[in-house]
Amino acid sequence: MTPEEYERWMIRDCARCGRRASKSAEWSDGPICRTCYERAMRLRGRCPCCGTDRLLPGRDTDGTPICRDCAGIVRDFFCDRCGFEGLLLGGRLCEHCTLADTLAHLLDDGTGRVAPAFLPLVKTLLEMDRPKSRLIWLRNPNVVRLLQGLATGSIPLTHDGLHQETPWRTVTRLRDLLMDSGVLPRLDRQLLPYQRWLTERLATIEEPEHRQLLRHFATWHQMRRLRAKAEKAPRGRSQTNHTKQEVTQAGAFLAWLASQGRAIGQCQQADIDAWHTESLATRRPSQSFLRWCMRTGRMPRLTLPPAVITQDPEPLHQHRQLAMLRHVLNDDSLPLRARVAAALVLLYAQPVSRIVRLTINDVTDDEITVTVQLGDPPSPLPEPVADLMRAYLRSRQHLPYASSRSSQWLFPGRQPGQPMNPVSLQVHLREIGVPPQRGRASAIRHLILQAPAPVIAKALGYHDKTTTRLVTEAGGTWSRYAPGDH
């Protein structure tokens with residue numbers, strides 16, 4: 001077919017979106033483009049014409065979705081294998097059956113069946129919503145190579161075996177799926193990528209003495225600290241990023257000091273001052289390395305510049321804060337996830353980084369009161385917010401993210417077993433008109449004026465020095481309240 005013939009026979013103005021594109025179907029309401037076709041294949045509900053609960057690809061004269069029979073669509077959309085009505089792929093199979101066939105092919109151990117060790121992974125992938133996203137992921141040549149290698153045994157089914165494979169982003173995602181499905185034992189999700197990053201980072205350092213010193217710093221200081229924290233609670237991505245900055249800035253300091261003609265053992269106070277003069281905030285991560293060098297006798301005892309205390313963001317006026325809260329609680333058109341997070345910010349002064357670390361076990365509902373474990377004791381949610389939380393917990397079962405159904409995070413992310421990225425949640429809050437930093441600053445200042453600072457700190461997970469400083473700045477009457485266990 002020539003381009004002119006293709007343009008004449010296939011290109012049309014879509015009857016639903018108006019876009020001029022290649023048509024995928026010709027239905028009763030006109031030509032349908034590929035985008036509108038796939039959107040129609042995911043719309044299910046009760047047909048207003050016949051009352052049947054099924055796929056609703058058609059449209060009536062008012063534009064209301066209706067079933068194919070009522071719309072006069074001749075083509076049927078039933079899977080030839082399982083009979084499910086929906087989007088059909090090759091061989092007139094639905095997405096679920098196509099995914100099952102693809103996984104059976106990739107995870108074949110040579111006997112014509114899925115390797116027994118990978119049956120939990122297959123079950124996890126098949127139970128998720130929107131399997132087409134996994135089909136797209138399985139087209140990645142690196143994913144194909146890794147899965148086939150693991151199934152046949154050419155790649156050891158261990159964390160050490162995966163640690164040797166590349167690219168690391170694909171390996172990390174596959175490792176998360178294997179841990180979530182129980183195929184591999186659970187290890188700290190942030191520690192493994194950091195170890196891989198550290199190996200690649202040290203390989204870029206040309207000076208052998210610098211490379212060895214940074215390896216000792218990472219092994220005997222950073223890794224020990226990271227493992228100790230991982231034993232207490234899962235760590236966030238921001239902690240790992242800060243650890244990477246420490247190594248990066250330590251390497252930059254060693255290179256800068258070498259350009260001055262001195263080794264680390266010959267470092268002087270003037271060098272420390274000159275290093276921090278250009279940008280104290282940027283070069284502050286190197287101070288962890290410098291303290292370690294002084295403590296272990298690798299450099300002389302010198303004075304590091306003190307930390308610069310950043311000013312808290314300007315809090316919202318109380319009327320503005322209440323208006324935002326009223327909008328969040330009453331506007332049902334806003335995303336439910338963002339409404340729940342905004343309520344935690346505006347009522348309980350919770351930072352976004354802490355909100356994404358909450359789990360469903362932190363929320364308790366005895367059918368009378370809903371509480372959230374922010375500190376000690378758990379904080380009760382007032383009734384409008386409690387209803388939001390109940391509705392959100394029910395909606396988590398339909399999140400279209402991988403492994404979200406089994407995830408324990410209150411705000412699960414797109415990566416298997418990972419919480420939502422704090423930056424993404426901040427974006428969602430700003431989209432509904434809630435500035436997270438200013439909203440939190442306003443909430444904590446109003447709370448410490450209503451109760452003693454140590455009580456607020458214990459209940460909301462703050463340090464008592466922080467709340468005491470804030471109540472003093474606000475001129476509250478609780479500034480002389482004796483701290484302690486009351």
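Start at 1 with the first residue, then count along the sequence. For clarity, every value in this text was computed on a predicted model and none was experimentally measured.
In this structure, L87 CG and C94 SG are separated by 9.0 Å, a value rounded to the nearest 0.5 Å. Rounding to the nearest 0.5 angstrom, the gap separating the CG atom in D109 from the CG atom in L150 is 12.5 Å. L43 contributes atom CG, which lies 12.0 Å from atom SG of C67 (distance to the nearest 0.5 angstrom). For the atom pair CG (L254) and CG (L214), the distance works out to 5.5 Å, reported to the nearest 0.5 Å.
The cationic atom of R354 (NZ for Lys, CZ for Arg) lies less than 6.0 Å from the six-membered ring centre of Y462 and within 45° of the ring axis.
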**Request:** Applying side chain to side chain contact (heavy atoms under 4.5 Å, CB included), run through F118 and L157 and close with a yes or a no.
**Result:** CA-CA 10 Å; F118 290 93; L157 185 56; 3.8 Å; yes
**Prompt:** Step by step, would you call L93 with D101 a side chain to side chain contact (heavy atoms under 4.5 Å, CB included)?
**Reply:** CA-CA 10 Å; L93 297 180; D101 288 352; 3.6 Å; yes
**Asked** After noting the C-alpha distance and the side-chain angles of E200 and W168, does the key distance pass the side chain to side chain contact (heavy atoms under 4.5 Å, CB included) rule?
**Response** CA-CA 11 Å; E200 296 177 355; W168 67 269; 3.9 Å; yes
**Prompt:** Between T243 and R225, is a side chain to side chain contact (heavy atoms under 4.5 Å, CB included) present by the stated rule, with each step listed?
**Reply:** CA-CA 10 Å; T243 305; R225 181 184 61 187; 3.9 Å; yes
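Proximity of a side-chain donor or acceptor of R44 to a complementary backbone N or O of E85 within less than 3.5 Å is detected. Distance alone, capped at 3.5 Å, places no donor-acceptor pair between the R34 side chain and the S24 backbone. Of the possible donor and acceptor atoms, one in the side chain of H159 sits under 3.5 Å from a partner among the backbone N and O of P185. No donor-acceptor pair closer than 3.5 Å links the side chain of Q408 to the backbone N or O of L410.
For the pair M324 and V434, the tightest heavy-atom approach, listed with the atom from each and the gap, is SD-CA, 4.2 Å. Considering all non-hydrogen atoms of both residues, V183 and P120 come closest at CG2-CB, 4.2 Å.
Using a cutoff of 4.0 Å between basic side-chain nitrogens and carboxylate oxygens, E367 and R390 are not scored as salt-bridged. For D29 and R16, the salt-bridge test passes: some basic side-chain N is under 4.0 Å from an acidic carboxylate O. A salt bridge is defined here as a Lys NZ or Arg NE, NH1 or NH2 lying under 4.0 Å from an Asp or Glu carboxylate O, and R42 with E95 meets this definition. The pair D180-R186 meets the salt-bridge criterion, with a side-chain N (NZ, NE, NH1 or NH2) lying under 4.0 Å from an Asp/Glu carboxylate O.
Among the candidates H163, R201, R169, the single residue satisfying the side-chain contact (heavy atoms from CB on, under 4.5 Å) test with R196 is H163.
Using cut-offs of 30° and 60° for the angle between ring planes, the W27 and Y37 rings count as tilted.
Contact of the K23 side chain with the I32 side chain is not registered, since no non-hydrogen atoms from C-beta on lie closer than 4.5 Å. Counting only heavy atoms from C-beta outward, the side chains of R440 and P351 approach each other to under 4.5 Å. Here the side chains of R284 and Q249 are not in contact, with every heavy-atom distance at 4.5 Å or above. Contact check for D108 versus T152: no side-chain heavy atoms found under the 4.5 Å cut-off.
Atom CZ of R113 has 12 or fewer heavy atoms from other residues, nucleotides or ligands within 6.0 Å. Within 6.0 Å of CD on E206 lie no more than 12 heavy atoms contributed by other residues, nucleotides or ligands. Shown here is H105, whose NE2 atom has no more than 12 heavy atoms of other residues, nucleotides or ligands within 6.0 Å.
Judged purely by distance below 3.5 Å, without hydrogens or angles, the side chains of S22 and R12 never pair a donor atom with an acceptor atom. Side-chain contact annotation: S442 with Q321, donor-acceptor N/O pair under 3.5 Å present. Checked by atom type, the side-chain pair D160/T158 shows no donor-acceptor distance below 3.5 Å.
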